[in-house]
Each structure stands twice: as structure tokens, then as C-alpha cells.
Amino acid sequence: MKEKFYITTPIYYPSNKFTLGNCYTTVICDTIAKFNKKLGKDVFFLTGTDEHGQKISLSAQKAGKTEKEYLDEMIADAKKLWQMLDINYSKFIRTTDDYHEKAVQKIFNALYEKGYIYKGKYNGLYCTPCESFWTESQLVNGKCPDCGREVKVQEEEAYFFKLSQFSDKLLDLYKNNPEFLLPNSRVNEMVNNFIKPGLQDLCVSRTSVKWGVPVEFDPKHTIYVWIDALTNYITALGYGSDDPSLFEKFWPADVHIIGKEIVRFHAIIWPAMLMALDLPLPKRIFGHGWMLFGGDKLSKSKETGVKECVDPRILIPRYSADAIRYILLREIPFGSDGNYSTETFLTKFNADLCNNFGNLVSRTFSMLKKYFDGIIPSVEKYRENEINLQNKVLKEKDNVLEYMKNFDVSKAITSIFNIFSEANTYIQLAQPWAVAKQEGQEEQLKAILRTLLETIRIGVELLEPFMSESTGKVLSAFNLKTNSTFENIDNFDGLKANEKIGELSILFPRLDIAKELEELALLS
Ligand code: ME8
């Protein structure tokens, strides 16, 4: 039986159109999902939208629409964006889906029956855009610590989840499973900022919020949007429905990938709920850093005043899904914050995609055509120079596999591009054009070109989950299948000798950066 792999993105709020920030997490998850498929695993990749709560109602009202009308339009736009960005999810869950709402009610009932939920009175400081209650000590300058907006005092009859009972269990969890929450620094944040000061019971229903899932046995209460949202990871698999077969197969998740600002919900509330339900916990939670735009997170709750064009709906058709995926995957060290700027993007496009990768492929293909009529040569024996390059390629390949085990997409893609740089350096060293001019050096020329072709093949196989459009073109020119499991990535014998390679169009056309900057400024 195939090993299974279950990966999730956060379910995003469709209170505004999705940003490059949302694209960031989704591209990472899509890449990890595709990579694991190529490793031969049975993969389930979940994404979706978090559609309840006051914030959504307010956005719909502002647009002069009903919630349903508003949401349907936003979700159509979101799905189109994922298609443009070459995202291949297994399932898109909407928390307004009927099966999800029913399962959330069942889960709430079960927690109540087990005595983990009780009725009380809530008096707290609430931030509407973030759907979060805060304690006085958590506020920053009297304002919401997440978005910096005003909070207001709110009192109401409410149901509570006995989160306070889980402090020791959570501390044990982090201690016994050092891989549960990554990167490791996030564990200290949870322990020092939330658990050590004392976990309070969590208010899990609102009577003031109407747009949400009603508590089944007390319908004037609406289930707190985070309880509703977190359960998506199991309801999407059919937990609480008539057909839990996917749940039985794929749960627990191998990894929930999320932004660092929502780690506390995933690493405290979610495991506590699962423990209360007697369900297994996700194997890992990865809280990645933020992509910053002029130093700002481009949070949808806030106006940013960013002047650059950062709309993926403009950038993707203009520069290709691959180019946008590249910059998202490469530029931000995984786990840390990183800056996005249009200028860096355009510079990297030319340097890495056009010069390093694109040029290597087109140079190699044209030399093969010129010297061997496009026929892949067979080689008897490689010399030291070729073997040196081959060893470097295999070492980088090992690095890629290792980094991907830890979901470090940024280091992995850097290693893949090192393969291309090494090949370009080797061309300078091997000087095939000079070898071609020498009498009796045909075998040597064959060895050089075959090594280059096989290097490109291995690089492109590894790169396919990251950028499938350009790599697909190269694989097809090699007469190799796209989206197949990794084969022959540990040898230089993956191409059929004496076969002719196919035609290949330019992968990444060189950009005039000044002109692009000017035109993009007009579009921002
Ligand atoms: O928090 N850099 O939804 P949300 C990196 N509905 N990642 C970013 C980003 C940026 N600048 N901007 C957004 C919610 N993200 C809840 C989640 S899950 C059960 C419920 C990504 O629409 C990142 O993954 O505010 C972040 O955690 C998420 O979008 C927030 O999306």
C-alpha cells in the first residue's frame, strides 16, 4: 500500500480578494503536495475558505449583497486564481458547505456531552476584523495585537470550552514531540506567551453574531468562528458525516502549514479540541513567516498604501505562473519573514529564470542540434570533468530530498538552481565549441553534451513540483512523461540514446526591467 500524505493550507477569509500573501502559503503547500506525489505517496491536499463570522457579514453588507451572493463571487475568484497559479488541490472546502456545518454541530454537541463545554457569561475585549477576544495584557498600546485596530468591550451569555484543563497536556505534547510545532522558536512563543501565564477557558459561542453555525441544542448561539474553522481539517475528510472513509485513511494530517499569526489557534486550541474528542493529533504544524511588502504584511484587515503592483491576477498572466511561484518559493527563507519587491522579482526573473535556467537549456539544445543533429548521444566513458559535475548534481539532489522532508521549499529550490549554475560553470570549463573544432574529439563532445542533458533532466524532474509549466516543456522535448514519479534521478542514464529531442520554445524571455517597472507602476 502507498504511503499516505495529508497536507493543508489555512482556510482563508474571503472578506477580500486573496492577496499574494495567501498565494504564498498555497504555493508552498501545492509544491510540497506535488513533490510527495512524485515520491510515490498517496497525497491529499486540502484548501478552502472560512466563510462565517461578523467580518464576512460586514464585507457583504458593504458590497450591497447577501452573504451567499457575496461569497459565491469571492469563491469563484479564488478558485480562478488557484487555477491561474497552477494549484492542484484535492478538495476545496467552504465552511458554508452543508456537510461541514452539520459536522461542526455534531462536534460541538460531543464536546458538550463530554463535559468540555459549559454555559457562562463572557465579558471581554473583542476585535471584529480579527474575530478575536483579547485579554487586557495581550493588547498592544490598548489595541488589537494582530491588526492594531480598536477593540471593544463585549458582554454576552456564552458557551465555554475548558481550555484551562489542557495546559499540562500541551506542555507534554511539545516536550515529547519536538517536531509537532515548527520552527522550534514558535514553541517558546506558545509556552511563554500563552501557556505559562495560564490558559483561560475559551468562549466558543456568540449570541451577537448571526452569520455562522447555530448551536444545535441552543440555536440563539452561533458557534465561534475559530471552532467552526479549525474543524475543517477533519470535516473535509468526512468526519461527522455518513462516509468517514477519507478521514479513516488520511487523518492525522502530516502537516498543517499556516502563517505565524495563527499558530496559537493551531498549536493550542486545535490539539486541545482533538484531545477532548479523543482523536489523534496532526503530526506537524509549520508556522511560516510573513511576506512583507514595503515592510508591511499586506493584511486584508488593514490599508497598506503599498504603491507597487502586487495583484497576482495582473502578475501571473504577465510573467507566468512559474515566475510568480518561483519568487514566492525562493525569496522568503522558510520560517522567517522576507521582503517582496517588484524590482527584486524582475531582477531574479532575468538572472535566475532567463539566464541561469532558460539559457542553460537553450544553449544545450542548440549545441545538440548543431553538433549531433538533435540526437541524444550514447556515451562509453566519462572523464573526470564530467564526473565532477555529476557528483555535484547528485549531492544537490540529495540536499533537495532532505530539505523537502522538512518542508524547506526555499532551500530546496535554491539547491535545484545550484544544479543549473554548476552546469553553466561546467560549460565554460569544458568549452564544447572548442572541442567541436578538434579532430577526433567526437567521443569527448558526446560525453559533455550527454552530461549536460542528463543534468538538465535531473534538475527539471526535481523542479517540476515547484514550476510545472516550464519544466513540462523540457520534459516533453525529452519525450519524458510529466507528473510521473521520480525516476532515474540518481543516475545519468535517464534519456534514450539515439532519440531525437523535440522542439523547445524560449522558456523565459528576457525582460526590460526599467520598462516593466514603469508599466507596472501604472497598473498598481
Ligand atoms: O487567518 N505572508 O484567514 P486569512 C505570508 N481564516 N502569509 C500570508 C500573508 C503574508 N503577507 N498574508 C496572508 C485566517 N498569508 C483564518 C484561518 S485556518 C483554520 C483559519 C496567509 O484569510 C498565511 O497562511 O487571514 C496566513 O496564516 C493566512 O494567509 C491568513 O489568512
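Each ligand, and each atom within it, is numbered from 1 in the order the structure gives. The figures here come from the full heavy-atom set of this structure, side chains too, leaving out hydrogens, waters and symmetry mates. These numbers come from a predicted model, not from an experiment.
Using a 30° and 60° split on the angle between ring planes, Tyr116 and Phe161 fall in the tilted class, from 30° to 60°. Ring pair Phe357/Phe508 is tilted by interplanar angle, where 30° to 60° counts as tilted.
Contacts between Tyr13 and ligand 1, counted as non-hydrogen atom pairs separated by less than 4.0 Å, involve both the backbone and the side chain. Counting heavy atoms under 4.0 Å from ligand 1, residue Lys260 does not touch it at all. Under 4.0 angstrom from ligand 1, the non-hydrogen atoms of Tyr233 all belong to its side chain.
Of all the listed residues (Val310, Thr25, Leu292), Thr25 holds the heavy atom that lies closest to atom 21 (C) of ligand 1.
Every atom of ligand 1 with a heavy atom of Asp50 under 4.0 Å away is listed here by number and element: 6 (N), 16 (C), 20 (C). Atoms of ligand 1 lying under 4.0 Å from at least one heavy atom of Ala229, given by number and element, are 19 (C).
Between His266 and ligand 1, not a single N/O pair is under 3.5 Å apart.
Under the 4.0 Å criterion applied to side-chain N and carboxylate O atoms, Glu464 and Lys34 are not assigned as salt-bridge partners. Residues Asp254 and Lys4 are paired through a salt bridge, judged by an N-O separation under 4.0 Å between the basic side chain and the carboxylate.
In terms of modelled atom types and a separation under 3.5 Å, the side chain of Asp201 and the main chain of Ser164 share a donor-acceptor contact.
Asp243 is linked by a side-chain hydrogen bond (donor to acceptor under 3.5 Å, both in side chains) to Ser245, counting only residues two or more places apart in sequence or in another chain.
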